[in-house]
Structures are given as structure tokens and as C-alpha cells.
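Here is the structure we will look at, set down as C-alpha cells.
Everything numeric in this text was worked out from a predicted model, so none of it was measured. Lettering of chains follows the sequences in order, A, B, ..., and the numbering in each one begins at 1.
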There are 2 protein chains.
Amino acid sequence: MRAVSSASSAPQVLQAAHLNAKFFQGLADPTRLRIVRLLLERPHTVGELVERLGVGQSGVSNHLACLRWCGYVTSQRNGRSVTYRIADRRVRLLVKLAEAIVADNASQIASCMRITDRAPR
Amino acid sequence: MRAVSSASSAPQVLQAAHLNAKFFQGLADPTRLRIVRLLLERPHTVGELVERLGVGQSGVSNHLACLRWCGYVTSQRNGRSVTYRIADRRVRLLVKLAEAIVADNASQIASCMRITDRAPR
DNA sequence: TTGACATATTAGAATGCGGTGATATATAAT
DNA sequence: ATTATATATCACCGCATTCTAATATGTCAA
């Protein structure tokens, strides 16, 4: 079955879907989500995040860039270091809301085969 | 810089991050997000979704399985067709909240280079 | 300036993920 | 039973995303 065109496949709808999907993808990585959670505690410098995450500096920096692009965090340089903080108060709501839903579906989500866990190298 | 072990890299924290990241990944695909939006309007059968989305039946079915695993939707067979509906009222809040945040950061998200748009085939 | 420190960017390799087509299963009608 | 309809599952391909290491940029100290 293949459809032609309808209200739900109009360009602006597709555009919005792409934009929002990109936004969700910001939190769709374990490391990025951990970063957001740490920043919800308090602002951190990149070095602090690297230390607490146990992830390479390059990776952390890239993830931070991604989160910044998505509007989750903002950065501010203080001397040699750069401090990152949550950009929008609603981010906390978003994360908490997701946690609450996940808490009620933990077993199901764990059995999702379509989204595979990345094997640690 | 490489860290050893801390409260933020304890197994259960990592586990939770993986689980929640997986959950967000459910909405991190344009097609799946469109499906969720259609289901927020009203329940749909698979056939209706295929028609409205303009995506292959196989793909829609796989995406629905993913959304079901993540706890976003539930399915119910009625005769030959299967009707899908939103599983949790909080899903609407989650999507609306994200939309609101995105609306205030649209230009930035659009310029995010780390998450590339998948070229349509 | 030079060196040290902190962060950002880039390149390359490995792998995850989505799309499609073919096939399997389930239900209903004849 | 056979056929048609609706959905699910499977296998394969190609691109996207991630990781790591190397390098570049930016800032401060001496």
C-alpha cells in the first residue's frame, strides 16, 4: 500500500516532524542523556563532565555541541574552561516526564529489539 | 582525561540512562513521530496509517512495533485489522512539551550538523 | 614568545538504523 | 479448503551516528 498526498504528509508537517525528531534525538543517546542529567544537578565545565562520565574528551565535546545545537544547553567561557548549563527550565520537565513513563514500562522497553544496545568497545 | 568510577557511572545509573535514551529514541525518528501525532488525533488501523503516511506497510509495521515496545502505543486486533492507540496520556504532554521547546529554538536545531537529515530515497 | 592547560574540530573505522521487498501469519469470505 | 485481505517478520543494502585518536584553537602564565 502506498499513499499519495494528504494533510499529514504536507511539507510543513513533514518539516515539523523532522525538526522535533531531531530534537528528541538529542536525548536519544545514553551519554548525552547522562550529560543532561548532570547539568540538571548543577552547571559543569567540560573537564568535570569528562571526569564524571568516564568518556573521552573529544566525545564529550561533540555531544555537548549536539546538545547546544538542539537548545538543551548553553555554554559560557570562563578563562580557559567552558561551563555548560541547562538552557531551558522545561528540559527538566521533559526528562522527568519521560522517566515517569519509562518507570511504568521498564520491562517492555528493555525488550525492544528494534533499538539495539551499542556494544561497548 | 579519563575517569574511574563515581556515583554518576554506577551500573544502575548507566542502566537508567540506557533505558531512557532508548525511550527517547522511540520519538527520534520522523516517521515514528508522525505516527504518534496521528494516533494523538485518534486511533488508527495499520492500513490507515500506511495510507496517511505514504510509507511502506513493512516500515510502518516495524515502527509500530518499536513504539509498542517503548510503551508509546498499544494494539488491539479487530477482525482482520489491528488498531493502534496511544498507551499513556502523558505521551501527549511529552510531545507538546517538546514542540514548545523546539518552537523557541527552531533555527538552532535546523543548523545542527551532528544529526543529519536522512535523504529520502 | 613560549609552554601548559582546556576545549573544539576533524578524520577514519565500526556499527546501528531505516527503507524496501519477499515471505509468513492471521482472519474472514466464498 | 481455497482465496483474499491485513498485518507481521525477515533479510539485505546503504547511509548515519558513534567512538577514538590526532590536530587545531583559545586562554593564561612565565
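Closest approach of B:Arg32 to B:Gln25, counting heavy atoms only: NH2-O, 2.9 Å.
Salt-bridge formation is not detected for the pair A:Asp29/A:Arg34: no Lys NZ or Arg NE/NH1/NH2 atom is positioned less than 4.0 Å from an Asp or Glu carboxylate oxygen.
Of the candidates C:dA8, D:dC10, C:dT7, D:dC10 carries the atom nearest the B:Asn62 side chain, counting heavy atoms from C-beta on. Looking at the side chain of A:His63, the nearest of the listed nucleotides D:dA8, D:dC19, C:dT9 is D:dC19. Candidate nucleotides D:dC28, C:dT27, C:dT7 were compared by shortest atom distance to the side chain of A:Arg80, and D:dC28 ranks first. Side chain of B:Ser58, nearest nucleotide from C:dT7, D:dT7, D:dC10: D:dC10.
The separation between A:Asp29 atom CG and C:dT15 atom C1' is 14 Å, rounded to whole Å. Straight-line distance from the CD1 atom of B:Ile35 to the C1' atom of C:dG18: 12 Å, rounded to whole Å. What separates CD of B:Gln25 from P of C:dT15 is a distance of 18 Å, to the nearest Å. With rounding to whole Å, B:Leu49 atom CG is found 9 Å from D:dT7 atom P. The separation between B:Arg32 atom CZ and C:dG19 atom C1' is 12 Å, rounded to whole Å. Between the P atom of C:dA8 and the CZ atom of A:Arg77 lies a distance of 7 Å, rounded to the nearest Å. Following rounding to the nearest Å, A:His18 (NE2) and D:dA16 (C1') show an atom-to-atom distance of 14 Å. Between the CG atom of A:Leu64 and the P atom of D:dC19 there is a distance of 12 Å, given to the nearest Å.
Side-chain contact check for A:Glu99 versus A:Val102: every heavy-atom pair is 4.5 Å or farther apart.
Nearest-nucleotide mapping onto DNA chain D: of B:Ser61 and A:Gly79, the residue sitting toward the 5' end is B:Ser61. Comparing A:Thr31 and A:Asn78, the nucleotide of DNA chain D nearest to each residue sits closer to the 5' end for A:Thr31.
Taking only side-chain nitrogens and oxygens, A:Tyr84 comes nearer than 4.0 Å to OP1 or OP2 of C:dA8.
Between A:Gln57 atom CD and A:Asn62 atom CG the span is 9.0 Å, to the nearest 0.5 Å.
No hydrogens or angles were tested; on distance alone, nothing pairs the side chain of B:Gln57 with the base of D:dA6 as donor and acceptor under 3.5 Å.
Heavy-atom contacts from other residues, nucleotides or ligands closer than 6.0 Å to CZ of A:Arg89 number 12 or fewer.
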